[in-house]
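Counting from 1, the numbers follow the sequence of the chain as shown.
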Amino acid sequence: PFRSIARTASTVRKGLALLLTLPILFWFSSGLFFALSPIEEVRSENFIAHHPAQPIALTIAAQGLDRLSKQRVGTADRIDLRTLLGQPVALITREKGRPVLYDLATGKPLSPLPAATAAAIARRDYRGTATIERVVAITAPSPEYRGILPAWEVRLAGDTGLSIYVAADTGMVTARRSHLWRVYDFLWGLHILDIREHENFNSWLLVLAVGSSMILLITGLILIPERLGWMARRQRPRKQQSSGH
């Protein structure tokens, strides 16, 4: 009975090994790349320019909010006070509608920010000497950027292919993408077998591949006794005894 089970397991194993060659190659090659790639460099954190915090005087904040109140800006669910390119600003967020950025000195709305301001924000965020190659408006999500919309993609010249994404309404840097990140993301899509969106862990293809790999592993375990000759050694004494009689 064991020999029959072993033959069946061997047949199944050969078929699965042939079918799973590419998925296993994807898993191991991408896993090796992930292990060798520092995540800080993948996220382009090594290109971030760190600036000291710029506090806002309470008198300036109070005067600015009073100015907004007189201009009938209305209610806010949240108010964030910070500086934008050295100028004090207030980000007004409501439950409904897009957030609006206001200049505290003038009370004027700043968002959506123009391309020139987004480029200046990206330039300040970047620690390096590369020049700006282009600034592109982003209005729809893509595999490369799924952050806050609308946004500006500020592409820097150079070998890294770095793009800094700036949210048009808030002026915040929401993502950094380089050639290294794009390779990492592509291999991640291969790793989870989701070439299109690169984020679906529950695809039928992945479930099928992992389930088949488990069967491949189990059949390999079944074949271990025969491959190591354990069954032959167990049967040899019986044959010798029967030949002696």
Can you list the residues that meet the side chain to side chain contact (heavy atoms under 4.5 Å, CB included) rule with Ala57, with sequence neighbours excluded? Thr59, Ile60
Nearest 0.5 Å, please: how far is CG in Leu187 from CD1 in Ile192? 12.0 Å
Exercise: do Tyr102 and Ser111 side chains pair donor with acceptor under 3.5 Å: no
Which pairs of donor and acceptor atoms, one on a side chain in residues 151-159, lie under 3.5 Å apart (sequence neighbours left out)?
{"residue": "Trp152", "atom": "NE1", "partner": "Leu113", "partner atom": "O", "Å": "2.9"}
{"residue": "Glu153", "atom": "OE2", "partner": "Ser163", "partner atom": "OG", "Å": "2.8"}
{"residue": "Arg155", "atom": "NE", "partner": "Gly161", "partner atom": "O", "Å": "3.3"}

Checking Arg94 side chain against Pro99 main chain: does a donor-acceptor pair fall under 3.5 Å? no
Partner residues of Asp103 under the side chain to side chain contact (heavy atoms under 4.5 Å, CB included) criterion, sequence neighbours left out: Ala105, Thr106, Leu110
Would you say Ile164 and Val135 are hydrophobically clustered, going by side-chain heavy atoms of ILVMFWY under 4.5 Å? yes
Do Ile148 and Leu101 belong together in a cluster built from hydrophobic side chains that touch within less than 4.5 Å? no
Can you find a pair of side-chain heavy atoms, one from His179 and one from Thr160, that are under 4.5 Å apart? no
Quick one: pull up CG in Leu58 and CD in Gln63 and give me the separation to the nearest 0.5 Å. 11.0 Å
Is any side-chain heavy atom of Ile121 less than 4.5 Å from a side-chain heavy atom of Met172? no
Same cluster or not: are Phe47 and Ile39 linked, directly or through other Ile, Leu, Val, Met, Phe, Trp or Tyr residues, by side-chain heavy atoms under 4.5 angstrom apart? no
I'd like to know if Val173 and Ile132 are part of one continuous hydrophobic network [Ile/Leu/Val/Met/Phe/Trp/Tyr, side-chain heavy atoms within less than 4.5 Å]. yes
Using the side-chain hydrogen bond (donor to acceptor under 3.5 Å, both in side chains) criterion, which residues pair with Tyr126? Sequence neighbours excluded. none
Partners meeting salt bridge (charged side-chain N to carboxylate O under 4.0 Å, His left out) with Asp169 (sequence neighbours left out): Arg98
Could I get the full list of side-chain hydrogen bond (donor to acceptor under 3.5 Å, both in side chains) partners for Glu144, not counting sequence neighbours? Tyr165, Arg182
Counting C-beta onward and ignoring hydrogens, is there a side-chain heavy-atom pair between Val100 and Leu91 closer than 4.5 Å? no
Checking one residue: Leu32. Which other hydrophobic residues are in its cluster under the side-chain 4.5 Å linking rule? Leu36
Arg123: salt bridge (charged side-chain N to carboxylate O under 4.0 Å, His left out) partners, not counting sequence neighbours: none
All salt bridge (charged side-chain N to carboxylate O under 4.0 Å, His left out) counterparts of Asp194, not counting sequence neighbours: none
Could you state the interatomic distance from CD (Gln71) to CG (Leu68), rounded to the nearest 0.5 Å? 6.0 Å
Please enumerate all residues that pass salt bridge (charged side-chain N to carboxylate O under 4.0 Å, His left out) together with Arg146, with sequence neighbours excluded. Glu199
Qualifying side chain to side chain donor-acceptor pair (under 3.5 Å) pairs with a residue from residues 26-52, counting only residues at least two apart or across chains: Ser30-His191
Could you pull out all donor-acceptor pairs under 3.5 Å where a side-chain atom in residues 76-85 meets a protein atom, sequence neighbours excluded?
{"residue": "Asp77", "atom": "OD2", "partner": "Glu95", "partner atom": "N", "Å": "2.2"}
{"residue": "Arg78", "atom": "NE", "partner": "Asp80", "partner atom": "OD1", "Å": "3.0"}
{"residue": "Arg78", "atom": "NE", "partner": "Asp80", "partner atom": "OD2", "Å": "3.2"}
{"residue": "Arg78", "atom": "NH2", "partner": "Asp80", "partner atom": "OD1", "Å": "3.4"}
{"residue": "Arg82", "atom": "NH2", "partner": "Thr170", "partner atom": "O", "Å": "2.1"}
{"residue": "Thr83", "atom": "OG1", "partner": "Gln54", "partner atom": "OE1", "Å": "3.1"}

How long is the gap from CD1 on Ile24 to CZ on Phe28, to the nearest 0.5 Å? 6.5 Å
Tell me whether Leu190 shares a hydrophobic cluster with Phe33, the cluster being built from Ile, Leu, Val, Met, Phe, Trp, Tyr side chains joined at under 4.5 Å. yes
Taking only Lys NZ, Arg NE, NH1 and NH2, and the carboxylate oxygens of Asp or Glu, determine whether Asp185 and Arg177 approach each other closer than 4.0 Å. no
Step through the shown structure and confirm whether more than 12 heavy atoms of other residues, nucleotides or ligands are within 6.0 Å of CZ on Phe186. no
